[in-house]
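Below is one structure, written out as structure tokens; the observations come after it.
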Amino acid sequence: MNNNRKVLCYTFRTYPHISSLGGIFDDVVILGAIKRDLKVVFDRLPDYNKVVGVARTNTYSRSEPVAINQFNKGKINRNGAEDLALSLDWSFPAAKRPTKTFCNYAAYMVQQYIESSGLSIKHSFVHINDRDLSKLDYSHIVTTAAE
């Protein structure tokens, strides 16, 4: 593993600031065909100690504290946990409630993979508005003394 590469980012092909993410994070995976492209994220995870999902919001920027086992009206994994805690904290406020959209689907799948593979990777998902894009950097990740 290259110790200089610490944070992997994943986002969606519709995210309007993809080019900016490349200047912020060490690596960016763009999710188009979500199931196929999540496999790219899974393959790259062992080379990183942090992973961040990013999507745009028109309201307030927020960090998702959990991913839930629900996509629209169905379950993501019939045998999976109802919710999975996301362990990487940002200085953005926590979301009041989780979504049931592609954002939550991707976050749930990534966290489930991290846990089932026994990886020691901190993971978060951030919905960020255009005004706060400059805050999407390492200085806004809340770290512990051990990191």
Side-chain angles (χ1 to χ4, degrees), residues 1 5-138 140-143 147:
M1 177 174 109
R5 296 175 63 98
K6 296 181 179 181
V7 184
L8 173 65
C9 175
Y10 62 92
T11 192
F12 302 93
R13 67 176 169 73
T14 57
Y15 184 68
H17 305 293
I18 290 172
S19 61
S20 296
L21 296 178
I24 298 169
F25 297 103
D26 301 303
D27 193 4
V28 178
V29 177
I30 299 165
L31 305 177
I34 196 163
K35 289 182 180 181
R36 179 198 68 207
D37 296 336
L38 278 171
K39 290 178 184 175
V40 175
V41 174
F42 301 158
D43 289 345
R44 293 184 188 178
L45 280 174
D47 292 334
Y48 296 90
N49 57 19
K50 296 177 181 76
V51 59
V52 178
V54 177
R56 183 177 190 219
T57 183
N58 290 323
T59 60
Y60 69 97
S61 296
R62 61 199 179 276
S63 179
E64 300 293 335
V66 298
I68 61 172
N69 189 4
Q70 190 163 353
F71 178 62
N72 293 324
K73 294 182 181 184
K75 292 279 187 189
I76 296 170
N77 180 343
R78 291 179 198 208
N79 299 317
E82 287 302 308
D83 58 67
L84 300 172
L86 304 183
S87 58
L88 182 59
D89 292 327
W90 287 79
S91 59
F92 300 114
K96 294 180 176 116
R97 64 183 185 278
T99 67
K100 298 173 186 175
T101 63
F102 283 106
C103 300
N104 176 70
Y105 179 90
Y108 188 91
M109 293 298 291
V110 169
Q111 187 61 34
Q112 181 177 259
Y113 184 85
I114 289 168
E115 292 181 14
S116 68
S117 299
L119 298 172
S120 296
I121 298 171
K122 293 191 177 240
H123 174 217
S124 71
F125 196 96
V126 178
H127 285 95
I128 191 153
N129 63 39
D130 294 345
R131 294 181 310 276
D132 290 338
L133 190 60
S134 65
K135 296 179 183 176
L136 195 60
D137 64 28
Y138 297 153
H140 290 273
I141 296 175
V142 179
T143 58
E147 289 185 88

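The first residue of the sequence shown is numbered 1, and numbering continues consecutively from there.
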Look at the side chain of [X] and the backbone N and O of [Y], then say whether any donor-acceptor pair between them is shorter than 3.5 Å.
X	Y	answer
Gln111	Tyr113	no
Asp37	Val29	no
Ser117	Leu119	no
Asn69	Ile76	yes
Thr11	Val54	yes
Asn129	Asn58	no

For this session: Just do the side-chain contact (heavy atoms from CB on, under 4.5 Å) check on Lys6 and Phe25 with the steps written out, would you?
Result: CA-CA 8 Å; Lys6 296 181 179 181; Phe25 297 103; over 6 Å; no
For this session: Rounded to the nearest 0.5 Å, what's the gap from CD on Glu82 to CD on Gln70? Could you check?
Result: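 The CD atom of Gln70 is 8.5 Å from CD of Glu82, to the nearest 0.5 Å.
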Problem set entry | Inter-residue atom distance Phe71.CZ - Phe102.CZ, 0.5 Å rounding |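 With rounding to 0.5 Å, CZ (Phe71) is 4.0 Å from CZ (Phe102).
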Exercise. Of Leu86, Val52, Leu38, which meets side-chain contact (heavy atoms from CB on, under 4.5 Å) against Val110?
Worked result: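 Going through the options one by one, the only one that passes is Leu38.
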Exercise. Cut-off 3.5 Å, side chains only: do Tyr48 and Asp26 have a donor facing an acceptor?
Worked result: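 Absent: no donor and acceptor within the cut-off.
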Problem set entry | Polar contact flag, side-chain donor to acceptor under 3.5 angstrom, Asn77-Gln112 |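 Side-chain D/A pair, Asn77 to Gln112: present.
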Are [X] and [Y] close enough that some pair of their side-chain heavy atoms sits under 4.5 Å apart?
X	Y	value
Leu84	His123	no
Tyr108	Ile68	no
Ile114	Leu45	yes
Asp27	Asp47	no

For this session: Take the angle between the ring planes of Phe125 and His127 and call it parallel below 30°, perpendicular above 60°, tilted in between.
Result: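 Geometry flag for His127 against Phe125: tilted rings.
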Exercise. So, Arg97 and Glu64, do they make that salt bridge, N to O below 4.0 Å?
Worked result: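 Salt bridge: no.
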For this session: Please assess Val40 against Tyr10 for the test side-chain contact (heavy atoms from CB on, under 4.5 Å), listing each intermediate value before the final yes or no.
Result: CA-CA 10 Å; Val40 175; Tyr10 62 92; over 6 Å; no
Exercise. Passes side-chain contact (heavy atoms from CB on, under 4.5 Å), Arg62 versus Val126? Steps please.
Worked result: CA-CA 6 Å; Arg62 61 199 179 276; Val126 178; over 6 Å; no
Problem set entry | salt bridge (charged side-chain N to carboxylate O under 4.0 Å, His left out) between Asp132 and Lys135, intermediate numbers included | CA-CA 5 Å; Asp132 290 338; Lys135 296 179 183 176; 3.5 Å; yes
